[in-house]
Amino acid sequence: MDNFEKVEKLREHANVSYEEAKQALESSNWDILDAMIYLEQSGKVHGPEHSSYTTQAEKVKIDIEDKECKSSFSDNLKRFGDWCLKWLEKANNNSFCVEQDRREIFRVPITLLLVLLIFAFWVVVPLLVIGLFFDMRYHFAGPDIRSVDIDINKAMDGAAETVENIKNEFASAAANEDNK
């Protein structure tokens with residue numbers, strides 16, 4: 001692009017006279033962007049409110065509005081709260097069941113089981129293990145139990161069968177001792 005075309009282009013974008021555009025280009029070594037900055041600094045053109053143009057290396061400070069940060073933090077907090085409420089609702093709608101001889105003894109919401117495990121771990125876990133030795137079986141039931149959760153129920157059945165095998169081994173070992 002020759003100098004005449006640059007002057008015309010600057011006049012078109014800056015809405016200045018031919019002489020002003022030519023003077024700005026001459027003072028900026030015929031660089032259109034620097035000429036535009038020159039015109040802004042000399043007050044002949046009003047630049048954008050929050051932006052700047054330059055071909056020279058400068059440090060540019062980017063201000064992030066606090067409102068944006070608070071908004072995104074509050075949005076994330078709201079999403080986390082919604083996620084917690086969804087899981088709390090699922091835990092309240094589904095139950096942990098205790099059975100003996102294929103008869104349900106009691107059923108508690110999973111939320112209560114989790115609270116008991118958190119605050120009374122040293123009581124609940126030994127009771128669950130001892131219950132296995134008294135032919136108790138545990139499983140999860142409810143509308144939100146899927147095939148993935150059924151694997152958990154299979155694992156609990158496997159634990160009950162393992163305890164049953166241990167009991168049978170002890171019983172047969174005791175019977176062999178009595179026969180001697």
Side-chain angles (χ1 to χ4, degrees), residues 1-97 107-126 128 138-159:
M1 178 183 311
D2 69 352
N3 292 346
F4 178 75
E5 291 174 332
K6 288 180 182 179
V7 171
E8 288 300 317
K9 190 155 192 97
L10 184 60
R11 281 187 64 218
E12 179 182 315
H13 287 290
N15 196 23
V16 293
S17 68
Y18 181 86
E19 291 80 22
E20 290 171 328
K22 183 177 177 191
Q23 180 188 6
L25 282 166
E26 286 173 348
S27 67
S28 61
N29 201 22
W30 295 96
D31 185 293
I32 294 177
L33 196 53
D34 285 340
M36 186 65 122
I37 293 169
Y38 173 82
L39 289 171
E40 287 176 7
Q41 290 173 346
S42 63
K44 296 179 182 177
V45 174
H46 297 293
E49 292 179 21
H50 297 292
S51 301
S52 62
Y53 317 105
T54 185
T55 57
Q56 300 169 357
E58 287 184 13
K59 289 186 178 181
V60 178
K61 181 179 177 184
I62 299 173
D63 294 325
I64 300 173
E65 294 180 19
D66 289 337
K67 186 177 179 182
E68 280 182 20
C69 292
K70 288 179 184 175
S71 173
S72 65
F73 177 73
S74 63
D75 290 343
N76 289 339
L77 192 60
K78 182 178 179 339
R79 276 187 267 144
F80 177 72
D82 291 343
W83 179 81
C84 289
L85 288 175
K86 179 183 83 167
W87 280 103
L88 184 63
E89 183 180 347
K90 283 186 177 194
N92 286 334
N93 290 337
N94 297 291
S95 303
F96 177 74
C97 304
R107 174 185 292 239
V108 295
I110 294 173
T111 308
L112 179 60
L113 176 67
L114 292 174
V115 168
L116 288 172
L117 283 171
I118 291 170
F119 293 109
F121 177 81
W122 54 92
V123 175
V124 174
V125 172
L128 290 173
Y138 310 116
H139 70 274
F140 291 99
D144 296 321
I145 304 299
R146 301 179 319 265
S147 62
V148 173
D149 302 322
I150 292 172
D151 291 339
I152 294 170
N153 287 337
K154 286 180 183 178
M156 288 190 293
D157 287 339

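Fair warning: this is a prediction, and the values are worked out from it, not measured in the lab. For reference, positions follow the sequence shown, starting with 1.
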ask   = Should we say atom CG of Asp157 is surrounded by more than 12 heavy atoms from elsewhere, each under 6.0 Å from it?
value = yes
query = Counting heavy atoms not belonging to Lys9, are there more than 12 under 6.0 Å from its NZ?
reply = no
To the nearest 0.5 Å, how far apart are [atom1] in [X] and [atom2] in [Y]?
X	Y	atom1	atom2	answer
Leu85	Trp83	CG	CH2	11.0 Å
Gln23	Glu20	CD	CD	8.0 Å
Ile110	Leu114	CD1	CG	7.0 Å

side-chain hydrogen bond (donor to acceptor under 3.5 Å, both in side chains) partners for Thr111, two or more places apart = Asn92
ask   = For Ser27, what residues pass the side-chain hydrogen bond (donor to acceptor under 3.5 Å, both in side chains) criterion, not counting sequence neighbours?
value = none
Heavy-atom check, side chain of Asn94 versus side chain of Pro143, under 4.5 Å = yes
task = State whether the side chain of Asn29 and the backbone N or O of Asp31 hold a donor-acceptor pair below 3.5 Å, judged by distance alone.
result = no
query = Within the distance-only criterion (no hydrogens, no angle test), does the side chain of Lys90 pair as donor or acceptor with the backbone N or O of Asp144 below 3.5 angstrom?
reply = no
message = Taking ring pair (Phe, Tyr, Trp, His ring centres under 6.0 Å) as the definition, give me every residue that meets it alongside Phe96, ordered by chain and number, with sequence neighbours left out.
response = Tyr138, Phe140
inquiry  = Let's go through Tyr38 and Lys44 carefully: what are the C-alpha distance in whole Å and the side-chain angles of both, what is the deciding distance for side-chain contact (heavy atoms from CB on, under 4.5 Å) to 0.1 Å, and is it a yes or a no?
reply    = CA-CA 9 Å; Tyr38 173 82; Lys44 296 179 182 177; 5.7 Å; no
With sequence neighbours excluded, residues passing salt bridge (charged side-chain N to carboxylate O under 4.0 Å, His left out) with [X]:
X	answer
Lys86	none
Glu8	Arg11
Asp2	none

message = Quick one, Leu10 with Leu39, criterion side-chain contact (heavy atoms from CB on, under 4.5 Å). Give me CA distance, side-chain angles, the key distance, then yes/no.
response = CA-CA 10 Å; Leu10 184 60; Leu39 289 171; 4.0 Å; yes
